[in-house]
Amino acid sequence: MLGEGNVAHSAMSGNGTTAGDDPLQTAVWRLRSRGCWADAAALLLPDTPAAALQRASLLVERCLYTEQGWEEAEDALRTAEALAHSDDERGAAACERGYLAYAATLLAVRDRADEARAALGRAAALIPPGAPARALLDFRRGLLAENLTRSPQAARAAYRRAHAGATAHSDPLLLSFTWRHLAGLALRDGELAEARHGFTESLRIREELGYLVGTAPALVSLADTETEPEASRLREEARRLYRLLGGVPTWLARQLAPLPPAAGAATA
């Protein structure tokens, strides 16, 4: 599976997605969900461990969607690491460090696979099982297993742990990612009905949250499980959103490219 199956995004907590959240988090979420990561990060003063970590997470996510901004993300991450004091804070910072290294490796910026494994291993030693942050860590360890180690069985087990954790801690955005990646593995195994169900759930959650920047990839993946004319309708809707957001995520362009006129049966 292309797209988020290979270029997966930061699934931070869905803070700011409900009416009861504080105005700052709501503003950050609205900007983030529309692909305005720099603007969202600018609202956060990195003067506490939590704010510094959230700011770093936003800038890491920007790298995944735009393939730019690596130095800013590194700087923000170093600030978050310097402010972290408790095991939870150090573990969360290590999780972001591992994810940034994973992204750089996956997008062929630089091979940092060893750094990614080491940092996520360090995070696993600091974040106890059952903690809210553990679900995100499990998800990211699944990404490494799927896309760097090429071990789909290990990836599936990690995604299922992440899915259970996201359910237990009511993190709908992370659930949209675990549904999506479990569906991607199912599609690769030829389990079309299971894949369609997972992609449908992922898309439903993203639309409910207003997570616009993640909706086009979800539409494209669901299209891969549908027949015509529904598949073309979903891809056209994805194309519209992609253009609306200024060509983000960048890596979706090759999946949305029109087929050559004489190659109607071909797929990217």
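This chain uses plain numbering: 1 for the first residue, then up along the sequence.
- Without hydrogens or angle criteria, Thr66 side chain to Gln68 main chain gives a donor-acceptor distance under 3.5 Å.
- Closest approach of Ala93 and Leu77 over heavy atoms only: O-CD1, 3.8 Å.
- Considering only heavy atoms from C-beta on, Thr200 stays 4.5 Å or farther from Trp179 through its side chain.
- Using a 4.5 Å cut-off on side-chain heavy atoms (C-beta onward), Leu219 and Arg235 make no contact.
- Put simply, the residue from Arg55, Glu74, Glu96 that forms a side-chain contact (heavy atoms from CB on, under 4.5 Å) with Val60 is Glu96.
- Interatomic distance, CZ of Arg204 versus CG of Leu222, reported as 13.0 Å (0.5 Å rounding).
- For Thr250, the side-chain contact (heavy atoms from CB on, under 4.5 Å) partners at least two apart in sequence or on another chain are Glu67.
- Checked by atom type and distance alone, the side chain of Asp111 pairs as donor or acceptor with a backbone atom of Ala113 at under 3.5 Å.
- Partners of His169 according to the ring pair (Phe, Tyr, Trp, His ring centres under 6.0 Å) rule, which considers only residues two or more places apart in sequence or in another chain, do not exist here.
- Between Glu191 atom CD and Leu185 atom CG the span is 11.5 Å, to the nearest 0.5 Å.
- Residue Leu59 is not grouped with residue Leu24 when hydrophobic side chains (ILVMFWY) are merged at heavy-atom distances under 4.5 angstrom, including chains of intermediate members.
- A distance of 13.5 Å separates CD of Glu237 from OG of Ser232, quoted to the nearest 0.5 Å.
- Looking at Asp189 and Arg156, their side chains come closer than 4.5 Å, going by heavy atoms from C-beta outward.
- Shown here are the side-chain contact (heavy atoms from CB on, under 4.5 Å) partners of Leu245, two or more places apart in sequence or in another chain: Leu212, Val213.
- You'll find the side chain of Thr167 reaches within 4.5 Å of the side chain of His163, heavy atoms only.
- Note on residues 122-134: pairs passing salt bridge (Lys or Arg N to Asp or Glu O under 4.0 Å), not counting sequence neighbours, are Arg134-Asp138.
- Defined by atom type and a distance below 3.5 Å, a donor-acceptor pair is missing between the side-chain atoms of Thr215 and Arg206.
- Atom CD of Glu228 sits in a crowded spot, with more than 12 heavy atoms from other residues, nucleotides or ligands closer than 6.0 Å.
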### Query
Yes or no on side chain to side chain contact (heavy atoms under 4.5 Å, CB included) for Leu107 and Trp70, after CA distance, side-chain angles and deciding distance?
CA-CA 11 Å; Leu107 295 171; Trp70 300 95; 3.8 Å; yes
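- The backbone N or O of Arg30 lies less than 3.5 Å from a partner atom in the side chain of Arg34, making a donor-acceptor pair.
- Here the straight-line distance linking atom CG of Leu143 with atom CZ of Arg141 works out to 12.0 Å at 0.5 Å rounding.
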### Task
Test side chain to side chain contact (heavy atoms under 4.5 Å, CB included) on Arg117 and Tyr102 and set out the steps.
CA-CA 8 Å; Arg117 292 187 187 94; Tyr102 161 81; over 6 Å; no
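- Listed here is the closest heavy atom pair of Ala40 and Val28: CB-O, 3.8 Å.
- The side-chain hydrogen bond (donor to acceptor under 3.5 Å, both in side chains) pairs that include a residue from residues 75-85 are Asp75-Arg78, Glu81-Arg97, where partners are two or more places apart or lie in different chains.
- Counting only residues at least two apart or on different chains, the side-chain hydrogen bond (donor to acceptor under 3.5 Å, both in side chains) pairs with a member in residues 35-44 are Trp37-Glu61.
- Closest approach of Thr48 to Leu83, counting heavy atoms only: O-CD1, 3.8 Å.
- With hydrogens and angles disregarded, a donor-acceptor distance shorter than 3.5 Å links the side chain of Ser176 to the backbone of Leu173.
- For the residue pair Gln255 and Val220, the shortest heavy atom distance occurs at NE2-CG1, 3.6 Å.
- Rounded to the nearest 0.5 Å, atoms CD1 (Ile127) and CG (Asp87) are 9.5 Å apart.
- Side-chain polar atoms of Arg110 and Thr105 form no donor-acceptor pair below 3.5 angstrom.
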### Message
side chain to side chain contact (heavy atoms under 4.5 Å, CB included), that's the test. Do Leu187 and Phe199 meet it? Break it down for me.
### Response
CA-CA 10 Å; Leu187 184 61; Phe199 288 140; 4.1 Å; yes
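- In this structure the side chain of Tyr99 never reaches within 4.5 angstrom of the side chain of Leu144, judged on heavy atoms.
- What you find for Arg196 and Thr225 is that their closest heavy atoms are NH2-O, 2.6 Å.
- The six-membered or imidazole ring of His181 lies near that of Phe139, with a centre-to-centre distance under 6.0 Å.
- Without hydrogens or angle criteria, Glu89 side chain to Ser86 main chain gives a donor-acceptor distance under 3.5 Å.
- Counting heavy atoms from C-beta on, the side chains of Leu209 and Trp29 come closer than 4.5 Å.
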### Task
For salt bridge (charged side-chain N to carboxylate O under 4.0 Å, His left out), just list the numbers for Arg62 and Glu72, CA-CA rounded to whole Å, side-chain angles, deciding distance to a tenth of an Å, and then say yes or no.
CA-CA 10 Å; Arg62 179 176 66 165; Glu72 286 182 80; 2.9 Å; yes
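- For the residue pair Tyr159 / Glu146, a side-chain donor-acceptor distance below 3.5 Å is found, with atom types taken as modelled.
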### Message
Pair Tyr65, Trp251 - check ring-ring contact (aromatic ring centres under 6.0 Å, His included), show working.
### Response
CA-CA 7 Å; Tyr65 280 86; Trp251 43 262; 7.0 Å; no
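- Atoms CG and CD, from Leu241 and Glu236 in turn, are 10.5 Å apart once rounded to the nearest 0.5 Å.
- In terms of heavy-atom proximity, Ala166 sits nearest to Leu175 at CB-CG, 3.8 Å.
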